[in-house]
Amino acid sequence: MENYSECYHCSLNHPTFSNGVVKPETYDIQPQGKCLRHTTECQNLADMTYDIRSGFDHHDQYSSWFLWPMFSFQVYPGNILNTYHWRALDADHVIVWRGWYSAGGRENEVVRKLAVQDRETTVEEDIHLVESVQRGLNSRGYRPGPLVIDPNCGVNSEHPIMHLQRWMRDAIEMA
Ligand SMILES: [Fe+2]
């Protein structure tokens, strides 16, 4: 969830997402209650890797809402809706289900191809990253470090991690 909730790793780790979908310098993440709202402008819509007219309408921006504790929906340009549903099995294991939606629930080849592209690029890149981070967390040398907080909530700011960790502490204290 921390990985999903910040985008400072996007430019280095997600070339397809950063060059073909979003414009990282406009990426903005804002807390709203126990939700993290992501919005950004997109790169040149003519260079998108899919036809943006294949979604629910022609809305040309990217947005996402992460809903504490383990769900998000993400809207690709063209209002192509997809969801992440995380389920923690224990401290070291998680299952992630993705859902992809099409107008009228009809088979849509563009959406199916985009789902495969997303799995093979952004999701695959994140799996390598988060598994590496998890190994690091288990090392004897690990110590939590400071978070980088940009008051303007720019793409390199880790303020969403601060909110996630606060919400987690609150949940543990209430348990
Ligand atoms: Fe990522």
Side-chain angles (χ1 to χ4, degrees), residues 1-32 34-43 47-50 52 61-89 91-101 111 113-139 142 144-150 152-168:
M1 261 83 73
E2 289 188 356
N3 174 275
Y4 184 86
S5 298
E6 50 78 6
C7 207
Y8 75 88
H9 73 283
C10 292
S11 297
L12 282 175
N13 201 53
H14 299 311
T16 303
F17 183 68
S18 296
N19 299 320
V21 183
V22 302
K23 196 186 275 182
E25 61 271 28
T26 66
Y27 210 95
D28 182 58
I29 306 176
Q30 297 291 339
Q32 291 184 332
K34 284 202 169 163
C35 165
L36 292 166
R37 179 189 52 126
H38 303 221
T39 52
T40 181
E41 292 174 18
C42 294
Q43 298 286 12
D47 288 343
M48 297 292 283
T49 58
Y50 63 94
I52 69 162
Q61 294 197 329
Y62 168 92
S63 53
S64 155
W65 288 264
F66 170 82
L67 280 62
W68 168 263
M70 285 190 279
F71 181 76
S72 86
F73 51 96
Q74 189 178 42
V75 183
Y76 273 61
N79 263 7
I80 296 183
L81 173 67
N82 67 89
T83 55
Y84 279 79
H85 179 187
W86 291 267
R87 183 167 148 206
L89 300 178
D92 295 311
H93 298 91
V94 66
I95 292 178
V96 186
W97 285 281
R98 299 297 304 283
W100 288 84
Y101 297 81
V111 174
K113 277 188 182 162
L114 181 57
V116 171
Q117 174 193 292
D118 195 60
R119 175 64 184 82
E120 289 176 347
T121 58
T122 308
V123 173
E124 185 68 20
E125 290 150 5
D126 273 333
I127 287 172
H128 291 289
L129 196 64
V130 298
E131 288 183 348
S132 167
V133 168
Q134 193 74 15
R135 283 193 298 276
L137 290 173
N138 288 327
S139 80
Y142 169 74
L147 296 173
V148 175
I149 307 292
D150 171 2
N152 297 320
C153 302
V155 69
N156 293 320
S157 180
E158 294 179 291
H159 63 284
I161 309 304
M162 175 186 74
H163 293 293
L164 280 179
Q165 293 183 352
R166 277 185 188 160
W167 297 340
M168 178 61 89

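Just follow the structure's listing: the first ligand is 1, and inside any ligand the first atom is 1. Note that the numbering runs from 1 along the sequence shown for the chain.
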Chemist: Do other residues, nucleotides or ligands put more than 12 heavy atoms under 6.0 Å from the CE atom of Met70?
Modeler: yes
Chemist: Taking the six-membered ring for Trp, is the centroid-to-centroid distance between Tyr62 and Phe17 below 6.0 Å?
Modeler: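 Tyr62 vs Phe17: aromatic centres under 6.0 Å.
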Chemist: Would you check if the distance from the ring center of Tyr27 to the ring center of His38 is below 6.0 Å?
Modeler: yes
Chemist: For a 4.5 angstrom cut-off between non-hydrogen side-chain atoms, does Thr39 reach Gln61?
Modeler: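 No, too far: nothing below the 4.5 Å cut-off.
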Chemist: Determine how many protein N/O/S atoms sit closer than 2.8 Å to the Fe ion (ligand 1), leaving waters out since they are not shown.
Modeler: 4
Chemist: Can you confirm whether or not the ring centre of Phe71 sits under 6.0 Å from the ring centre of Tyr84?
Modeler: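 Judged by ring-centre distance (under 6.0 Å), Phe71 and Tyr84 do not meet the cut-off.
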Chemist: To the nearest 0.5 Å, what is the distance between CZ (Arg98) and CD (Gln74)?
Modeler: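 Between atom CZ of Arg98 and atom CD of Gln74 there are 5.5 Å.
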